[in-house]
Structure formats: C-alpha cells, structure tokens
Amino acid sequence: MSTAWRQLRMSGKEVSLDWILPSGQSFRWKREGEEWVSVIQDAVIILRNDPSTDNITYCTLDPRSPETTIKHESKPAQIPPSPPKSPPPAYEIDSAVHDYFNSSIKLASLYREFGARDKYFKQIADRFVGIRMLRQDPWECLCSFICSSNNSIKRITQMIDNLCATYGTYIATYKDIDYYTFPRPSTLASSPNCAAKLRELGFGYRADYVYKTAKAVADWEAQGNQLSDMRGKPYDDVREFLLQFTGVGPKVADCVALMSFDCHESVPIDTHVFNIVKRRYSPKTKMVSKTMSKVVYDELSLYLRDLWGPYAGWAQAVIFISELNRDK
DNA sequence: GGGACACCTTGGTT
DNA sequence: AAACCAAGGTGTC
C-alpha cells in the first residue's frame, strides 16, 4: 500500500512533530494515532514518530493501490479522474521531505543563540524543544495565511480542508480520510463564481481576498513568473512583493516571508506574540500602547529581530507555541 | 497619515 | 439562554 519507510535523520531535539504540525504553520496535517499525514508536493506523506529510536520515519502512499482508491464512486465526480500518477521516485520524496523540514538548519545551535540573547527564551526553551520552521509551498502558504486573519486555527483548518476537497485534485485515501492537492491559483481564478462558492465553504469575507489574490497570482504566473522565484531575494523585497495582494497586510506578509520565502529574520506580530511582549518584554521596549497599529507593529517586529538575530523568526515560533500552550 | 470601524463565522465564556 | 468576545488582521473611510 505504500513505498518503503525511510528515515528522516533528525532527533527529537531537532524536530518535534507534535509541536510543529498542529500549531498554525501548515493547516493540513492530520494526526492518526502516532502518525501525521498530509500532502507534500502533491504526494501523500505519512510521518511516523518513533520515540524508542528518537527518530522519524516516513513513506508515501501509492495512489494506484486498491486500498487507497476504493472510495472513488462515493464522490461527486466533478473533477474528471485523471489517470493515477505513479508516485515520485524515492529520491524526490527524500529531497522534498528534507526541504520541507529545513533539515539542513540545525536547531540546537539556534536555541543556544536565542538563549544567550534572551533570558526569557532561555527560561521556556526546555519545555518547548524541537520547534522549527517548515519551508512551505509559496502559494499554499500565501493562501492559507490570507485565510488566517481574525480567525482561529481550528476554523482555518476547516476552510483549507474545504478548499482542497472542492478545488484540489484527489490523490488518495488513508484511514478513511481523503487527500487532495492544494488548488493552483489558476484553478481558482478560472472557476465560475469562485468567490461566492468560497463563502459557502465558510470563508466569510476572506472569500474575496482569496479569489482576488488567486487571480493576481495566476495572471502573474501566466507571464512566465513563479512565486518561488522570490526565494533568495532580500526580506524587504519579498515583503513589498507580498503586500501588493489583497488580504495581505504586514502580519500575513511576514508569515509568508518567513514560512515560505526563507526570510528567517522575519518576525510576524500576531495577537499572541503581542500579548506575550506586553507581559514579558514591555519594560524593555517602552511599549505602552494597548492596541496594534502599523507603527507599533513595525517597532515590535524590529525590536524582536534585533533581540533574536538573523533567525529571529525561528525564535518567534517557539514563543508563539509557548503562548498557545500557556495553560498546559 | 493615523485611528476608528466593519467584516464572516465559530467556539468558548459570562 | 442570550450576549459577548476572541480568533496567528485587513481594507476603507
């Protein structure tokens, strides 16, 4: 039913799936017992956490397998079933998974540096180990974070599920859950009544943002561009580029820059980080305002970037998750 | 140019 | 139970 299990040679200190995958970087991971399942580069990936060996193994589903194709007749066949593709060769899956987890970046040394620069980080670091940034597909990341505005992780997840099930391409079923590709911008842009449909799918006022941005990106891509071309450009350029899209403000732009465009210094200031700064860092920042504004946003983001250094965004992820789990 | 204000919808709290 | 608030904010006056 699947290709062979392979090893993601990263220790628990380097990556903790249970912290990273459900905490609002990607909104597409499903937990199945000790496994985490999602789609990377249009292939279903199953990650298995093996605490006994302090290692993670993974495999990909073979879409042609009977076990994974049983459910076809039960779905509305609006999308013509394209002939099942064969799974990508193992080396491609390997490189995709390692790329997705930013595996060449060593977390241990980053934690050391953050701890040395910031007393508060040092204080919480022991309880929040293995928190790293994923390196996500640019369009999926951009689209997901447009949906994140004034919203909760739970509902964002639901919206993205609906989006993929409606506009994505079916890949395979695993443990009774169907997996789909993330729809391309051009698919959304050319789909009739897309914005209205998105509202029906629970997007609320974000439906227009997603549709307009999909159209803008599709047009731009039609001229021979690719979002991933922006990788490697300076943070300010990436940010300016992203801010042109409807539904993208400073916070969303910083998230996408950090999580998809390799801008490791980008520090998104969301409501949780804002709260924790008020509570823990405020005396140092002379930050008195109670509400967010563009100026306050820029000040805070810059302050934390200076405090944590070139990989400040990675420290932000740790702080963010610690705040999400404050009660635990 | 900054500061209210509205915005879809869901889930949790009072 | 009805009202209210917050949720990884943004666009618009």
Side-chain angles (χ1 to χ4, degrees), chain A residues 19-29 128 131-134 136 140-163 166 193-217 239-261 263 266-280 287-301 304-305 312-328:
Chain A
W19 281 137
I20 298 169
L21 300 183
S23 298
Q25 286 192 50
S26 165
F27 301 92
R28 290 225 286 163
W29 287 92
F128 299 96
I131 296 171
R132 61 170 49 244
M133 298 310 306
L134 302 173
Q136 300 185 64
E140 175 174 338
C141 190
L142 174 59
C143 187
S144 300
F145 278 91
I146 287 173
C147 297
S148 75
S149 77
N150 206 351
N151 209 345
S152 63
I153 291 177
K154 185 165 188 176
R155 185 178 164 211
I156 301 164
T157 303
Q158 169 110 27
M159 287 158 59
I160 299 298
D161 274 350
N162 291 343
L163 180 75
T166 304
N193 300 321
C194 182
K197 193 72 159 283
L198 290 174
R199 275 189 182 255
E200 288 174 26
L201 296 178
F203 279 61
Y205 61 83
R206 303 164 200 81
D208 293 314
Y209 298 166
V210 168
Y211 174 70
K212 284 180 182 167
T213 298
K215 184 145 178 37
V217 171
R239 200 168 193 275
E240 187 184 358
F241 170 76
L242 291 169
L243 284 170
Q244 75 179 289
F245 297 110
T246 312
V248 178
K251 194 284 184 172
V252 170
D254 279 339
C255 281
V256 180
L258 171 65
M259 300 180 187
S260 189
F261 289 97
C263 300
S266 167
V267 180
I269 308 294
D270 58 79
T271 168
H272 295 298
V273 173
F274 188 51
N275 287 336
I276 205 165
V277 169
K278 278 194 283 197
R279 215 166 49 247
R280 302 287 182 182
M287 204 272 310
V288 285
S289 110
K290 288 198 165 33
T291 57
M292 187 65 85
S293 70
K294 172 141 177 44
V295 173
V296 173
Y297 184 99
D298 289 343
E299 274 179 11
L300 283 185
S301 187
L304 293 174
R305 191 150 68 247
W314 290 53
Q316 178 269 2
V318 180
I319 298 291
F320 173 77
I321 288 181
S322 78
E323 179 67 5
L324 263 189
N325 299 277
R326 195 147 63 95
D327 46 334
K328 289 182 188 165

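Values below: all heavy atoms of this structure, side chains included; hydrogens, waters and symmetry mates excluded. All chains are named by letter (A, B, ...) in the order of the sequence lines, taking the proteins before the strands, and each is independently numbered beginning at 1.
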Please write out each protein N/O paired with an N/O of nucleotides 4-6 of chain C under 3.5 Å, distance rounded to 0.1 Å.
none

By side-chain contact (heavy atoms from CB on, under 4.5 Å) - contacts of A/Ala312 (at least two apart): A/Val267, A/Arg305, A/Trp308

Test of understanding: with side chain to side chain donor-acceptor pair (under 3.5 Å), list the residues that count as partners of A/Glu140, not counting sequence neighbours. A/Arg28

What residues, two or more places apart in sequence or in another chain, satisfy ring-ring contact (aromatic ring centres under 6.0 Å, His included) together with A/Phe27? A/Phe145

Applying side chain to side chain donor-acceptor pair (under 3.5 Å), name anything that partners A/Ser266, two or more places apart in sequence or on another chain. A/Asp254

What are the residues of residues 205-214 of chain A, sorted by number, that bring a heavy atom to within less than 4.0 Å of DNA chain B? A/Tyr205, A/Arg206

Of the residues in residues 151-162 of chain A, which ones touch DNA chain C at a heavy-atom distance under 4.0 Å? A/Asn151, A/Ser152, A/Ile153

Using the P atom in both, what is the distance from B/dA4 to C/dG8, to the nearest Å? 24 Å

Kindly write out the residues that satisfy side chain to side chain donor-acceptor pair (under 3.5 Å) with A/Arg155, not counting sequence neighbours, or none if the list is empty. none

B/dA6 versus C/dA6 - spacing of their P atoms, nearest Å: 16 Å

Below 3.5 Å, can you tabulate the donor-acceptor pairs from side chains in residues 243-252 of chain A to any protein atom, sequence neighbours excluded?
| unit_1 | atom_1 | unit_2 | atom_2 | d |
| --- | --- | --- | --- | --- |
| A/Gln244 | NE2 | A/Phe241 | O | 2.9 |

What pairs meet the salt bridge (charged side-chain N to carboxylate O under 4.0 Å, His left out) rule with one or both residues in residues 240-249 of chain A, with sequence neighbours excluded? none

Taking pairs as Watson-Crick (N1-N3 plus N6-O4 or O6-N4) or G-U wobble (N1-O2 and O6-N3), each distance under 3.5 Å, the stems of three or more consecutive pairs with DNA chain C are B:3-7 with C:9-13, B:9-14 with C:2-7

Is there ring stacking between A/Phe145 and C/dG8, where the centres must be under 5.5 angstrom apart and the planes under 30 degrees? no

A/Glu323: which residues meet the side chain to side chain donor-acceptor pair (under 3.5 Å) condition with it, sequence neighbours left out? A/Arg279, A/Arg326

